[in-house]
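Have a look at the structure below before the remarks.
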Amino acid sequence: MTEIETLQKWVEESSRIVFFGGAGVSTESGIPDFRSTDGLYNQNYDYPPEYILSHTFFERNPEEFYRFYWDKMIAPGAKPNAAHRALAKWERDGKLTAVVTQNIDGLHQMAGSRAVYELHGTVHRNHCVRCGRAYSLDEIPHKGVPRCSCGGIIKPDVVLYEEGLPDDAVQKACENIAAADLLIISGTSL
């Protein structure tokens, strides 16, 4: 039996599948991963991407943070690929109970998945660091440092280095994984 046939058998026999995925799930949608040869961590910038994507860097140098962010973290033309669509179908069919993702691209939701726990947040939600006003990605200009009407900087609701993971997403992910009869991990080096 091949690996694909084994996976198909496990999926057929399961009714509480949880999928845990990372950047490799979205590379077929044209979004670069982080650690591969062509990944973000192997490209040349004035600062290492790990530092640019830190809370400290965001606060100290929002102009440079947003230059990198708009250039490398936003993929407006990206569409869900076959993996995203298959997971959404499994959910509709009652086989998959949750998607736990490290991705910030929102492609699982675009494909139709509803039970998605975003461990690293999403580019599609943003908020003013001063007043807390919420903004969608479409509501903010995709160049320079976006500012709220109160004058505060708008920050993407993505988890930067030095920040904790969202408690609710972690709790729901753990609950779903504990109740799963099949856990599929793909597209992540963890």
Side-chain angles (χ1 to χ4, degrees), residues 19-85 87-88 99-111 113 116-130 132-148 151-166 169-170 173 185-190:
F19 179 84
F20 188 103
V25 175
S26 294
T27 55
E28 285 191 31
S29 295
I31 298 175
D33 65 6
F34 290 84
R35 291 174 180 83
S36 70
T37 305
D38 297 324
L40 291 178
Y41 289 170
N42 291 313
Q43 297 181 20
N44 292 321
Y45 296 97
D46 292 341
Y47 303 93
E50 297 94 328
Y51 183 54
I52 295 172
L53 294 173
S54 71
H55 185 80
T56 297
F57 193 86
F58 172 80
E59 287 187 331
R60 291 181 183 167
N61 197 342
E63 295 83 10
E64 191 66 21
F65 170 87
Y66 269 107
R67 191 172 70 77
F68 179 87
Y69 182 77
W70 296 131
D71 188 38
K72 299 297 179 185
M73 305 301 289
I74 303 297
K79 301 285 185 229
N81 62 46
H84 298 109
R85 291 189 300 275
L87 293 168
V99 171
V100 179
T101 183
Q102 298 170 309
N103 295 343
I104 61 173
D105 53 39
L107 293 178
H108 287 291
Q109 293 91 329
M110 283 185 208
S113 291
V116 179
Y117 302 104
E118 298 166 313
L119 297 180
H120 295 164
T122 178
V123 299
H124 296 282
R125 289 187 311 266
N126 302 270
H127 70 279
C128 173
V129 298
R130 182 182 293 166
R133 179 177 170 194
Y135 291 87
S136 72
L137 182 60
D138 294 334
E139 292 177 295
I140 57 177
H142 292 195
K143 61 180 181 176
V145 178
R147 295 209 173 259
C148 178
I153 293 175
I154 297 172
K155 180 188 177 291
D157 285 347
V158 297
V159 177
L160 301 176
Y161 288 99
E162 305 168 337
E163 296 178 335
L165 300 179
V170 170
I185 301 172
S186 180
T188 178
S189 62
L190 288 176

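- Listed by chain and number, the residues in a side-chain hydrogen bond (donor to acceptor under 3.5 Å, both in side chains) with T188 are Q102 (sequence neighbours excluded).
- Take A75 and apply the side chain to side chain contact (heavy atoms under 4.5 Å, CB included) test, not counting sequence neighbours, and it matches I31, A78.
- With sequence neighbours excluded, no residue satisfies side-chain hydrogen bond (donor to acceptor under 3.5 Å, both in side chains) with S54.
- By the 4.5 Å heavy-atom criterion applied to side chains, K155 and L160 are counted as neighbours.
- Legend: residues meeting ring pair (Phe, Tyr, Trp, His ring centres under 6.0 Å) with Y135, ordered by chain and number and at least two apart, are absent.
- Heavy-atom minimum distance, G144 versus Y66: O-CB, 3.5 Å.
- In terms of modelled atom types and a separation under 3.5 Å, the side chain of H55 and the main chain of Y161 share no donor-acceptor contact.
- Partners of N81 according to the side-chain hydrogen bond (donor to acceptor under 3.5 Å, both in side chains) rule, which considers only residues two or more places apart in sequence or in another chain, are S29, H84.
- Between D105 and S26, the closest heavy-atom pair is OD2-OG, 2.7 Å.
- In terms of the side chain to side chain contact (heavy atoms under 4.5 Å, CB included) criterion, residue partners of L165 (sequence neighbours excluded) are, by chain and number, H120, V159, V170.
- F65 meets the ring pair (Phe, Tyr, Trp, His ring centres under 6.0 Å) test with F58, Y69; sequence neighbours excluded.
- Side-chain contact between K72 and I52 is absent, with no heavy atoms from C-beta onward closer than 4.5 Å.
- Residues meeting the salt bridge (charged side-chain N to carboxylate O under 4.0 Å, His left out) test with E162, sequence neighbours left out: none.
- Nearest approach of E163 to V158, heavy atoms of both residues: OE1-O, 3.4 Å.
- Scanning for ring pair (Phe, Tyr, Trp, His ring centres under 6.0 Å) contacts around H142 gives W70, with sequence neighbours left out.
- For R147, the side chain to side chain contact (heavy atoms under 4.5 Å, CB included) partners two or more places apart in sequence, or in a different chain, are I153.
- A heavy-atom distance below 4.5 Å is not found between the side chains of V25 and T101.
- Scanning for salt bridge (charged side-chain N to carboxylate O under 4.0 Å, His left out) contacts around R85 gives an empty result, with sequence neighbours left out.
- Under the rule for a salt bridge (charged side-chain N to carboxylate O under 4.0 Å, His left out), E28 has no partner lying at least two apart in sequence or in another chain.
- Closest heavy-atom contact between M110 and P80: CB-CG, 3.6 Å.
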